[in-house]
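Below: the structure, in structure tokens.
Whatever order the structure lists them in is the order used to number ligands and atoms, beginning at 1.
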Amino acid sequence: MEKLRIMSVFGTRPEAIKMAPLVKELKSRPEIESLCCVTAQHRQMLDSVLEVFDLKPDWDLDIMTPRQTLSTITSKCLTGMDEAIEHLKPDMILVHGDTSTTFAGALSAFYHQIPVGHVEAGLRTYDKYSPFPEEMNRKLVSAIADLYFCPTINNKNNLLKEGYDKDLFITGNTVIDALKTTVRKDYHFSTEILNELPYDEKKICLVTCHRRENYGQPMKNIMKALRQIAEEHADTELVYPVHLSPVVQEAAHGELDGLANVHLIDPLPADEMHNLMARCYLVLTDSGGLQEEAPALGKPVLVLRRETERPEAVAAGTVKLAGVEQADIVSMANELLTNPDAYAAMAHAVNPYGDGNACRRIADAILWHFGRTQARPEDYPGA
Ligand code: UD1
Ligand code: UDP
């Protein structure tokens with residue numbers, strides 16, 4: 001029997017980190033030809049992930065230009081995907097999450113009448129403009145997809161409520177699969193400053209921030225809050241790998257340059273980031289991926305957003321929504337930096353997002369869909 005040609009499409013850093021273990025799992029299956037098409041919506045940040053996970057794309061659309069608009073990304077992806085599909089002739093296309101690459105990848109698959117598997121399906125805030133444009137991207141992909149790989153039961157329930165009731169699988173999040181391959185106790189950083197941080201003497205706060213809906217005043221507030229935290233807590237060191245978006249670079253450097261206990265550094269390779277997270281005291285972030293990784297590593301998270309589509313760790317008590325007002329962020333950080341009981345209450349490892357076997361379940365579900373195995377995979381039991 002011919003091998004199934006399963007093409008994973010991704011373009012940004014988080015999609016790559018979360019799809020890398022799946023591309024590998026699919027490669028390990030004798031029934032599958034695992035193909036990888038990158039849009040390179042991100043260039044440097046994507047290439048770094050490809051290097052860490054030793055992935056070589058079969059097709060590279062190479063679409064990134066500085067300060068690209070949503071329309072440019074989407075239209076370039078659509079045009080480029082035509083060629084990739086004609087050349088690689090996939091039987092199924094897998095997209096991940098909610099980026100412009102995700103939406104364009106799914107839409108392109110639809111135009112070519114190729115079935116779509118949506119990895120990380122069913123996340124919702126029910127606010128059209130927050131996160132922007134991700135909430136709409138993932139809703140549109142739900143309408144196109146044929147197979148839905150939901151990280152948690154909550155994600156599955158969101159889809160059921162919207163009337164999607166066929167081929168929903170609860171798999172856990174593939175980010176936990178990735179994390180299991182990168183975090184090591186004896187890890188030695190190649191970014192020298194990370195080896196030199198006083199992990200035992202000071203409270204290392206890991207910071208990231210990049211969301212489009214935070215551009216402008218919210219991001220200004222966040223940066224001012226970070227400055228205040230650094231100035232008021234001499235026993236902290238803030239480590240902030242700054243996203244390459246020029247908007248974020250300007251906001252971060254404009255407010256935080258010159259503070260002795262704030263380290264603005266280049267984006268970190270995924271393995272460095274995961275091991276830094278495993279050693280830090282606290283995470284302040286508006287990232288989606290960090291909200292999933294940090295709880296698994298037992299690190300409290302303050303989310304620099306007004307809402308989250310990841311309520312599971314909030315319910316488990318390890319993540320709190322801090323919002324985007326300076327005073328709120330500072331007061332919630334103060335609590336965690338000065339009250340050991342409040343810190344202890346949040347600093348316990350929880351794994352609502354997976355057990356590290358999401359990719360195995362997704363590969364099994366794909367084989368089941370094509371009738372190559374009789375057994376439908378069991379749902380992830382922990383969610
Ligand atoms: C994108 C996704 C967002 C995801 C984020 C992860 C969309 C609309 N947004 O947002 O959902 O959370 O990625 O990081 O899909 N840049 C570089 N080099 C890089 C990457 C980015 O220079 O390797 C700069 C470019 O100037 C680019 C800008 O960053 O124009 C913004 O990148 P873009 O992909 O448009 O949006 P993100 O904010 O990264
Ligand atoms: N990450 C990384 N280096 C960094 C910052 C983040 O490897 O300097 C990883 C992080 O551990 C997570 C993913 O990138 O796996 C999250 O990406 P990002 O925050 O850019 O996007 P989001 O998850 O919000 O879509």
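Contact annotation: for Arg211 versus ligand 2, heavy atoms closer than 4.0 Å belong to the side chain alone. Residue contacts with ligand 1, taken as heavy atom pairs separated by less than 4.0 Å, involve Pro14 solely via side-chain atoms from C-beta onward. The proximity of Val248 to ligand 1, defined as any non-hydrogen pair under 4.0 Å, does not occur for either the backbone or the side chain.
Residue Pro241 approaches ligand 2 through these ligand atoms, each under 4.0 Å from one of its heavy atoms: 8 (O). Atoms of ligand 1 found under 4.0 Å from any heavy atom of Thr65 (numbered from 1 in listed order, with element): 30 (O). Numbered from 1 in the order shown, with element, the atoms of ligand 1 that lie under 4.0 Å from a heavy atom of Met45 read 19 (C), 20 (C), 23 (O). Ligand 1 places these atoms under 4.0 Å from at least one heavy atom of Ile73: 35 (O). The distance from ligand 2 to the heavy atoms of Ala270 drops below 4.0 Å at these ligand atoms: 7 (O).
At the shortest separation from atom 25 (O) of ligand 2 among protein heavy atoms lies Pro14 CG, 3.4 Å. Looking only at heavy atoms of the protein, atom 23 (O) of ligand 2 is closest to Gly289 N, 2.7 Å. Of all protein heavy atoms, the one closest to atom 3 (N) of ligand 2 is Leu268 O, 2.7 Å. The protein heavy-atom contact nearest to atom 5 (C) of ligand 1 is His210 NE2, 3.6 Å. The nearest heavy-atom contact from the protein to atom 26 (O) of ligand 1 is Arg67 N, 2.9 Å. The single protein non-hydrogen atom nearest to atom 9 (C) of ligand 2 is Ile17 CD1, 3.5 Å, given as residue, atom name and distance. Among protein heavy atoms, atom 20 (O) of ligand 2 sits closest to Arg13 NH2, 2.8 Å. Closest to atom 11 (O) of ligand 2, if we only count protein heavy atoms, is Glu293 OE1, 2.8 Å. Residue, atom and distance of the protein heavy atom nearest to atom 22 (P) of ligand 2 are Gly288 N, 3.6 Å.
Residues Glu232 and Val330 form a side-chain contact, since some pair of their non-hydrogen atoms from C-beta on lies under 4.5 Å apart. At a threshold of 4.5 Å between non-hydrogen side-chain atoms, the residues Met223 and Leu256 count as touching.
Tested against Met92 for a side chain to side chain contact (heavy atoms under 4.5 Å, CB included), the candidates Leu147, Val116, Ile32 yield a single pass: Leu147.
Considering backbone and side-chain N/O of Asn137, none are found under 3.5 Å from N/O of ligand 1. Geometrically, ligand 1 and His243 share a nitrogen or oxygen pair separated by less than 3.5 Å. Considering backbone and side-chain atoms together, Thr12 places no N or O closer than 3.5 Å to any N or O of ligand 1.
Note on ligand 1: Thr101 sits outside its first shell, no heavy atom being nearer than 4.0 Å.
In terms of hydrophobic clustering, with Ile, Leu, Val, Met, Phe, Trp and Tyr side chains grouped at heavy-atom distances under 4.5 Å, Phe189 and Leu179 are assigned to a common cluster.
Taking the six-membered ring where the residue is Trp, the centroids of Tyr380 and Phe169 are separated by 6.0 Å or more.
Between Arg372 and Glu31 there is no salt bridge, since none of the side-chain N atoms of the basic residue sits less than 4.0 Å from a carboxylate O of the acidic one. Between Arg138 and Glu135 there is a salt bridge, since a side-chain N of the basic residue sits under 4.0 Å from a carboxylate O of the acidic one.
Expressed to the nearest 0.5 Å, how far CG of Leu206 lies from CG of Leu197 amounts to 10.5 Å.
Panel note: side chain Glu213, backbone Phe132; a donor-acceptor pair is recorded below 3.5 Å.
Atom 16 (C) of ligand 2 has its nearest heavy-atom neighbour, among Ala294, Gly97, Ser287, in Ser287.
Around atom CD of Gln374, no more than 12 heavy atoms belonging to other residues, nucleotides or ligands sit under 6.0 Å away.
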